[in-house]
Amino acid sequence: MIIEADSLVKIYTLGGSEIRALDRVSLQIDAGEMVAITGASGSGKSTLMHILGCLDVPDAGRYVLAGEDVAGLSSDRLAALRNERIGFVFQTFNLLPRMSAIENVELPLMYAGRQGVRPMAEAALRTVGLGDRMHHEPNQLSGGQRQRVAVARALVSNPALLLADEPTGNLDSRTGEEILQLFQALHEQGHTIVIVTHEPAIAQRCPRILLMQDGRLAQDTRSSDHVPLGHI
């Protein structure tokens, strides 16, 4: 099991009032699943994503990521856990503009102190179909190609979890479709993927949908006949 969350609570104070961004959320995600977390603005999906990605910690409850209990970890260990176990894909790509595609992909490995990183970065870029764009800088790439670089960077350390936050939000519909098809291919290769999206049409492309509402997990839907990628 990759994700095991039990009764997660996250409380924010705003204007003297307490807001329960997460209210006793429990869920499990097995290795190899492709899951969408969806819901309206303010539903708690972003807060849940931050906790699942070890970018924040719950005020109460238990969270175990790939066998490691996150509760009580230091900020340094949380950062190391993110680097070791999670690959992030963001809506805004988050690529360094003056570095080539392959240099951007090498960064997580370099931060982890890995040696001989160039072949691993090359392999990751080939996986996402950018074997011929390795030495291009972001401003020389299309939006879809930049997102593919971001996916390659997320995959290069072979993480337990690929966490994508609105990965098609800055892309046109055709390019977004290409990225979704890439995620499907990665899922078929056995990667565990969680996509956070406010768009129902994207959520419906996943075999499992977690619907957040008012800080709670309102629905956990699994379907063997979900809308396949490549069709909408």
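Sequential numbering from 1 along the given sequence is applied to the chain's residues. Predicted model, so just to flag it, every value in this text is computed and none were measured.
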Any side-chain heavy-atom pair from His136 and Leu130 closer than 4.5 angstrom? no

Pro167 pairs by side chain to side chain contact (heavy atoms under 4.5 Å, CB included) with which of Ile195, Ile202, Val196? Ile195

Membership question, hydrophobic clusters at under 4.5 Å side-chain separation (ILVMFWY): are Val128 and Val156 in the same one? yes

Give a yes or no answer on whether the side chain of Lys45 reaches the backbone of Gly39 with a donor-acceptor pair at less than 3.5 Å. yes

So which atom in Leu163 and which in Gly53 form the shortest heavy-atom distance, rounded to 0.1 Å? CD2-CA, 3.7 Å

So if you build clusters from Ile, Leu, Val, Met, Phe, Trp, Tyr with side-chain heavy-atom gaps below 4.5 Å, do Ile86 and Leu109 land together? no

Any side-chain heavy-atom pair of Gln147 and Glu178 under 4.5 Å: no

CD (Gln213) and CG (Asp23) are apart, to the nearest 0.5 Å, by 12.5 Å

Heavy-atom neighbours of Gln189 CD exceed 12 at 6.0 Å: yes

Within the structure provided, determine whether Val149 and Phe93 are in side-chain contact (heavy-atom separation under 4.5 Å). no

Min side-chain heavy-atom separation Leu73-Cys54 under 4.5 Å: no

Check the pair Arg118, Glu122 against salt bridge (charged side-chain N to carboxylate O under 4.0 Å, His left out), reporting the backbone distance first and the verdict last. CA-CA 6 Å; Arg118 182 55 57 100; Glu122 290 175 346; 5.1 Å; no

Per the salt bridge (charged side-chain N to carboxylate O under 4.0 Å, His left out) rule, what does the pair list look like for residues 75-93, sequence neighbours excluded? Glu68-Arg77, Glu68-Arg85, Arg77-Glu84

Give, for atom CD1 of Ile2 and atom CG of Asp30, the distance between the pair rounded to the nearest 0.5 Å. 8.5 Å

Over all heavy atoms of both residues, which pair between Ala154 and Pro159 is shortest? Give the atoms and the distance, please. O-CG, 3.2 Å

Where Ala101 and Leu125 come nearest, the two heavy atoms and their spacing: C-CD1, 4.2 Å

Rounded distance (nearest 0.5 Å) linking atom CD1 of Ile209 with atom CG of Asp220: 10.0 Å

Testing the basics here: between Pro108 and Asn104, what is the closest heavy-atom pair and its distance to 0.1 Å? CD-O, 3.8 Å

With Gln184 as partner, the option from Gln181, Glu188, His187 fulfilling side-chain hydrogen bond (donor to acceptor under 3.5 Å, both in side chains) is Glu188

Is there a side-chain contact between Pro58 and Leu22 in this structure, where contact means two heavy atoms from C-beta onward sitting under 4.5 Å apart? no

With heavy-atom distances below 4.5 Å as the criterion, would you say the side chains of Val25 and Ile51 are in contact? no

Rounded at 0.5 Å granularity, tell me how far CD in Glu137 sits from CZ in Arg98. 8.0 Å

Tell me, yes or no, whether the heavy-atom count around Met1 atom CE, taken from other residues, nucleotides or ligands under 6.0 Å, exceeds 12. yes

Single-linkage hydrophobic cluster, 4.5 Å side-chain cutoff, Phe88 and Leu78 together: yes

To the nearest 0.5 angstrom, please state how far the CG atom of Leu210 sits from the CD atom of Gln219. 10.5 Å

Evaluate Cys206 against Val35 for side-chain contact (heavy atoms from CB on, under 4.5 Å), listing each step before the verdict. CA-CA 6 Å; Cys206 297; Val35 181; 6.0 Å; no

Could you list all the salt bridge (charged side-chain N to carboxylate O under 4.0 Å, His left out) pairs where at least one residue sits in residues 141-162, not counting sequence neighbours? none

Nearest heavy-atom pair of Leu217 and Ser26: which atoms, and what distance? CD2-O, 3.5 Å

Counting only N and O atoms by type, is there a donor-acceptor contact under 3.5 Å from the side chain of Ser142 to the main-chain atoms of Gln145? yes

State the OG-CD1 distance between Ser46 and Ile37, to the nearest 0.5 angstrom. 9.5 Å

Are there over 12 heavy-atom neighbours, none belonging to Asn94, within less than 6.0 Å of that residue's CG? yes

Is a side-chain donor or acceptor of Thr38 paired with a backbone partner of Thr197 at a separation under 3.5 angstrom? yes

Establish whether Tyr111 and Leu162 are linked, either directly or via other cluster members, by ILVMFWY side-chain heavy-atom contacts under 4.5 Å. no

side-chain contact (heavy atoms from CB on, under 4.5 Å) evaluation trace for Lys10 with His50: CA-CA 11 Å; Lys10 188 67 181 180; His50 281 106; over 6 Å; no

Is the backbone of Pro97 close enough, under 3.5 Å, to the side chain of Asn139 for a donor and an acceptor to pair up by distance? no

At their closest point, which heavy atom of Val105 faces which heavy atom of Ala124, and how far apart are they? CG1-CB, 4.2 Å

Go through the steps to decide whether Glu166 and Met49 satisfy the test side-chain contact (heavy atoms from CB on, under 4.5 Å), and finish with yes or no. CA-CA 11 Å; Glu166 302 285 1; Met49 180 204 72; over 6 Å; no

Do Met134 and Leu155 sit in the same hydrophobic cluster, where Ile, Leu, Val, Met, Phe, Trp and Tyr count as joined when their side-chain heavy atoms come under 4.5 Å apart? yes

Donor-acceptor contact below 3.5 Å, side chain Asp59 vs main chain Ile11: yes

Do any N or O atoms from the side chain of Tyr63 and from the backbone of Leu52 form a donor-acceptor pair under 3.5 angstrom? yes

May I ask you to decide if Gln91's main-chain N or O and Asn170's side chain share a donor-acceptor pair within less than 3.5 Å? yes

Check: Arg20 and Val9 side chains under 4.5 Å, non-hydrogen atoms: yes

N/O donor-acceptor pair under 3.5 Å between Thr192 side chain and Gly32 backbone: yes

Under 4.5 Å between any side-chain heavy atoms of Leu48 and Leu27, yes or no? yes

Are Glu177 and Arg205 ion-paired here, with the side-chain N under 4.0 Å from a carboxylate O? yes

Test log, rule side-chain contact (heavy atoms from CB on, under 4.5 Å), inputs Val89 and Ile179: CA-CA 11 Å; Val89 180; Ile179 295 300; over 6 Å; no

